[in-house]
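Worksheet: one structure, shown below.
Values below: every heavy atom of this structure, side chains too, minus hydrogens, waters and symmetry copies. Proteins come first, then strands; the chains are lettered A, B, ... in the order of their sequence lines, and each starts at number 1. These numbers were taken from a predicted model, which means no experiment stands behind them.
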Amino acid sequence: MRKVSVAVVKLTSCSGCINEFLYAVASSPELLRRVTLVYATEFQDLNTLEEVDVALVEGSVATQQQEELVKSVRSRARLVVALGTCAVFGGVQAARVGEDLRRVILASYPNPDFVSVLPEVRSLDRVVRVDVRLQGCPVNGDSLARLLVKVIYGGGEVSIVENACSECKRAGVQCVMVSKGVPCLGPVTFGGCGALCPSFGRGCYGCYGLNTSLVDAERLAKFLEVLEKMGMSREDVNSLLKSFSYSALARLQARG
Amino acid sequence: MLHSVLTRVEGEGEVVLKTEDGRIVGVEVRISEAPRFFEYLVRGRLYTEVPDLVSRICGLCGVSYVITACRAFESCLGLEVPEDEDRLRMAALAAERVKSHVIHVAYLNLPDLIGLGSLGELFESYAHVFQRASRVVLWARRAMEVLGGRFHNVVNARVGGVYSFPSMERVRALRRDLDEVLGGFLELARFVLGLKSISEEVHRIRYMAVAGSNGYAWVGSGVVLDDGTYVDVGSFENYVLTEQVGYSNALRYRLLTGEPYLVGPLARFNTYLGYLREEVRELLEEFGWYRPLGGVQQSIVARVAETYHTLLELRDFLEGYRERTVGGVVRPERARGPCVAVTEAPRGVLYHRYLLDSNLRVRSSNIITPTAQNLACMEYIVGSKLYGSSFDGKAIEVAKSLVRAFDPCISCSVHVTAVEGADHPRLPS
Amino acid sequence: MGARLVPRVGRVVRVVEEAPLVRTYHIRVGGIAEPEPGQFNVLYIKGFGEVVISVSNYSRVDGDLVVEHTVRAVGTVTSYMHSSIDTGSLVGVRGPYGRGWPLREFEGFDVLVVGGGIGLAPLRPILKYVARFRDRFGRLVLLYGARRPVDMLYKYEYGEYRAIPNSSVLFSIDAPYVGWDGYVGFVTDLIDRVDLDPRSSVAFVCGPEVMMKVAAAKLVKRGFGEDRVFLSLERRCRCGIGICGTCQLGHLFVCKDGPVFSYQEVRGYLAVSGL
Amino acid sequence: MEQLPGTYFRGDVENLRALFNVIRSRGLEPIGYVIRGDAIYFGSLSSFELLPLGLEDVQAPGSYRLYRNPSGFFRHSSSSPKYWFHPPVQRVLEVSEGFEVEAVQEGGGPVALFGVKPCDVASIEVLDRILSSDDSFRSRRSRVALVVVEECTVPGATCFCGTTGTGPSARGGYDIAYARLGGGLVLFKYGSEVGLKLIEELGLTKASEDEVAEYERVMGRAREATSRLPKLQEVSRALERSLADEAFWKEVSSRCVGCANCNMVCPTCFCTEFVDYLEPSGRARRVRQWFGCLSYTYGQVAGAHYRPELYMRYRHFVLHKFLFYPKQVGLVGCVGCGRCVTWCPVGLDIRDVVSRVVAKYGS
Ligand SMILES: Cc1cc2nc3c(=O)[nH]c(=O)nc-3n(C[C@H](O)[C@H](O)[C@H](O)COP(=O)(O)OP(=O)(O)OC[C@H]3O[C@@H](n4cnc5c(N)ncnc54)[C@H](O)[C@@H]3O)c2cc1C
Ligand code: SF4
Ligand code: SF4
Ligand code: SF4
């Protein structure tokens, strides 16, 4: 029986995606049996990072140490998976980027000199090569389990890029934007959550990230006009996008 | 010399034992988890957006964050939450406690008690225990999915209530499966409560829990200390001292007297022992645990008791559940004073305070998390146990297991703030 | 109830390493029809997905077929095949599907075969067919280009192709290579060197789409009728039987109306980018 | 069997209920528009009360509202017959550890389309042809034993079925059609022997001349309201000429965000993707699910993309309906329901595109 060695690496994040990993393996004893955790500070004591088949990396890179850690992980891992929105896009912590760092720190700490972080918050792919991206805040544990099984068998997942709306419609959920006038980021957000927010009657706030293979800056701007008409200010959408799609947004802006 | 010894906690942190001539002379709990500055991130945001955002502080107890933020805003904006909606949110909070406790008890703490290094080993040698635990966690996950949308960062809570009621069909299915889950849980509980390796050591510590809760400790109007002192949520910040140390990314807290204090399951257990349900009491009595707990390593008993209690409460909730339509959205005009609330997160008292500007956007905030409050206590307990003893493998084990018994969730502890700086208008007390 | 989407289970009986990232799988399978040249099968790799692969040859063994599929590892399923599917492995097979090369219609004609890279795979059955029914066709000319000599498929068979009476075989590679004394440049350049009478010839082309467009334009310029130039096209193919819709090229379904089309049928569509 | 001129029958909603009950008593499961929560879905109608009779939808580009209105008229919601005939997610294969392949079988008894709109009935005919080799579709299709159509006396603001010739009155392919007129009057007609028998069984009386005249007046108005677009042949011709006009297609699709809502709500969009599931034990499952041509992956292959830009995919959507569908199956793929207009979150309007293309490329 084939086993894969897995490293679970945490950067700047909340551990939510790591917990989805825990769920993924706990949900199936057979899966657990095929995973050898070789590095996971959260679950075990043994912690030297050797060669691994898969590194699941949660979080974004916000400190010098993390940058070094992730590079060393890359050099030892066959497959690097960016696990979750933080790793794929930067995560909520990226909303501080571009602000005066001292002011940022002072909002939380009385003594800013004790805290050392980088001014940028980088998604994983801006530091190392990433093989698989699994977005979601948190990542969908079932998709992660699916991927792990395929990796264990020596393959991967066929990628299908579509927006949250497709999932929404397949699930038979009525569009909240069109039927209730509730602003929703679903039309520009990666699918993967199963249209969670709309299925609870609320608008999507974009935690699976902005799908830049579908929208460019111009289309996004026009879409924001629509949201604005529904009562959601540009400012609020932008802060959501910065929180959940930081690197995608940066890419869009760079493309012009 | 410095020796780092900690792993198997949520997030990144280490316990550093300082030695001189081979003897331990100091203990530092260092939180190396990178700070995320939530107090800054919520600035300028409309109050309606804050719950979803602060939910990201912790991947283990997001519901607590969401509910604390919602309640903080509801109180200052004068919003009434319809009773059914409140109960639905509280049920999600309960499911979160179950999940968090079982993960800690079975996956993180148990290996210490039965002398194993990791989850993998636990699975190999105690498959039955592992499976029972997993079943409870998976059920709790489903409960959170049904009630709140997902396992972490639930989406079905808003300032003023919830977004929608789950269908009867899904709730019934949950209820149906609960009996089996409860049965399995009881086996797990008996296994744990019967362990001889739970330390009887007593720690002389102060503790704090939410007060004014209706029943066992969930949410309330303030906090209560072990000596019965009641502190209203509005003056919480005046009763705790904030400190920042150079070796850690997390703030830490003490009582005004300078004493460290404990929050979390043990504090709740000791404060609310009489409120535990009959069935829980009987179970505890079976193993001689129906009594105030004296040391942090006994927190596992509190977790088991709370889990059982909570599962039974959830059973009642599911049985009484009726599908409804949600109340309308009320758009308040202005906030009356600071927005504050306390909640019992799985790891203990969680405090939020926000100040809103006239556009109902956050001007400043302070979030005091349970683990941050426990840090000083951790150092104190490990220090008093190990001070002067020789640094060796045994000392490391002792330090580790003591810290782990706190179930420190480090992700959240680095998002602790704040002594009022120039940036923060001081609260009227 | 997807009877048509249900594969037969076959077994890989032989694997030939053709070139870097290209392997030919010989799969023995029962209960499927004999493929026409240019048709394809859909191979199902359990748990990972299906891929549409041309039949590059086949033979009969005790009532079963052994179908040969030359697969280049380019994406998820094909890479997995290369790493994990070997002699003895089970593979699902559906097919044969699609409209193949119209060989029957062009009996008596000279046959020009132009292939690029992996595109030789669906053309190979033409060579076998002409060899088998030699007297039904006129001259046979094969033009085949690859990036490097090492990338050329079926190297072990070139002698066989050359040995077909009244045939010629010309090769090209993209850039000079040590030890290569053949043509260097695009395979489409070789079209100029072919002395076939376009009025009595038919051309069968397969390769990257740009190469096919250039080849077709050149052939037409040389006097081949647009209805005498045939291309085997590619689009995203999922079902193979025209019900998933993802292979549409204009109103044509590549899987069931094609994959082989006359240039006449598709020229207009191919001229519009992104149609 | 064609309707004989003048053979209209009169009745009311109670007769409709009676018809519903007769159908059920014959062992047919009525399917149609069903109230579920605060929305209307297409699916099994377990009771007459679930029909959206007292509801009214108000549609506009990018906007849909449902109101309670006893005298209101319901057209349709985002959910079309496609949900039932060509379900959004279908299991195709179950494969064991040892590679035994099992096709997923799906049973079910006969059904009756009940109260389904003419445009949606027409959409089923389109699916009929395009999915003729889809076993799953055909097996569901073959379960339809009776068709009861509700004609649209008051079409919605995004409807253009008159242009596409698919409404607002029933065109054939039905057993019974009825129209709800003012004052609770329901006019019935039959389209088959079976339909006529049923009408007789209900004991309906012939409609008066005045009633028929009123019916014709109402339907005429409805037809006019939905027929304001250029002729279809002209649309196809213009589209054919517009193929390579990149600038035009970029311009008309400039607000599109590629969400594929239009594809999902369109009753004739049938495209699907396949998803493979693998269990740790080696058991596998293949699932087929709706997939929109506006999604990024549509046209993507390993190492290349045939429609990398969004305007190309939007263009394909429009072309497919009006230009390619006719060549593929001999029917225009658009049935004029207007769903893609209403349910597009940015309100992109296919009617505009069609008019503009004719304005620019029409003869
Ligand atoms: C008629 C026809 C004949 C073909 N014959 C051969 C052949 O003989 N040898 C060979 O190596 N390749 C052939 N291909 C291409 C082959 O189908 C793709 O290389 C293969 O599907 C890639 O699958 P993947 O899962 O590795 O790639 P991914 O990029 O992971 O693709 C995922 C899915 O998309 C579809 N897809 C992706 N690329 C293509 C493509 N180029 N064409 C069609 N569908 C695609 C497939 O359904 C695939 O499973 C043929 C394609 C067509 C249309
Ligand atoms: S294209 Fe639009 S109007 Fe036409 S049938 Fe589809 S959804 Fe209806
Ligand atoms: S319009 Fe697009 S999704 Fe719809 S059927 Fe045509 S190709 Fe498929
Ligand atoms: S046309 Fe509208 S509904 Fe269709 S993909 Fe574009 S934005 Fe979405």
Nearest 0.5 Å please: distance from the [atom1] atom of [X] over to the [atom2] atom of [Y].
X	Y	atom1	atom2	result
B:Arg43	A:Glu99	CZ	CD	9.5 Å
A:Tyr205	B:Thr48	OH	OG1	12.5 Å
A:Leu196	B:Arg150	CG	CZ	5.5 Å
A:Cys14	B:Tyr65	SG	OH	10.0 Å
A:Asp142	B:Phe151	CG	CZ	11.0 Å

**Item:** Option in A:Thr36, A:Val121, A:Leu240, A:Asp236 with maximal non-hydrogen atom pairs under 4.5 Å from chain B
**Value:**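 Most heavy-atom pairs within the cutoff with chain B belong to A:Asp236.
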Might you point out which heavy atoms bring [X] and [Y] nearest each other, and give the distance in Å?
X	Y	value
A:Cys137	B:Arg56	O-NH2, 2.7 Å
B:Leu41	A:Ala95	CD2-CB, 3.8 Å
A:Phe200	B:Asn156	CD2-CG, 3.3 Å
A:Cys197	B:Val155	SG-CG1, 3.6 Å

**Message:** Strictly distance-based, threshold 3.5 Å: is any side-chain N or O of B:His152 a donor or acceptor partner for the main-chain N or O of A:Gly16?
**Reply:**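 Such a contact is found between B:His152 side chain and A:Gly16 backbone.
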**Asked** If only atom types and distance count, is the side chain of A:Arg96 paired as donor or acceptor with the main-chain N or O of B:Tyr40 below 3.5 Å?
**Response**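 Not at all, since once roles are kept as given, no pair shorter than 3.5 Å links the two residues.
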**Request:** Against chain A, work out which of B:Val162, B:Leu46, B:Asn153 has the most heavy-atom pairs shorter than 4.5 Å and name it.
**Result:**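 Most heavy-atom pairs under 4.5 Å with chain A: B:Asn153.
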**Message:** Using a 4.5 angstrom heavy-atom cutoff, name the option from B:Glu145, B:Arg141, B:Glu49 with the most pairs to chain A.
**Reply:**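 Looking at each option in turn, the highest pair count goes to B:Arg141.
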Please look at [X] and chain B and tell me whether the side chain, the backbone, both or neither of the residue comes under 4.5 angstrom of a heavy atom of that chain.
X	answer
A:Glu20	both
A:Thr63	side chain
A:Ser60	neither

**Item:** Residue part contacting chain A, namely of B:Ser134, when any heavy atom lies under 4.5 Å
**Value:**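 Only the side chain of B:Ser134 comes within 4.5 Å of chain A.
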**chain A contact via B:Arg158 - side chain, backbone, both or neither, heavy atoms under 4.5 Å** =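 For B:Arg158, there is no contact with chain A at all, as no heavy atom is under 4.5 Å.
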**Request:** Answer yes if the side chains of B:Arg45 and A:Ser243 hold a donor-acceptor pair under 3.5 Å, and no otherwise.
**Result:**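 The criterion, which ignores hydrogens and geometry beyond distance, is satisfied for A:Ser243 and B:Arg45.
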**Prompt:** Can you find a heavy atom in the side chain of A:Arg202 that is under 4.5 Å from one in the side chain of B:Asp52?
**Reply:**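 Contact flag for A:Arg202/B:Asp52 side chains = yes.
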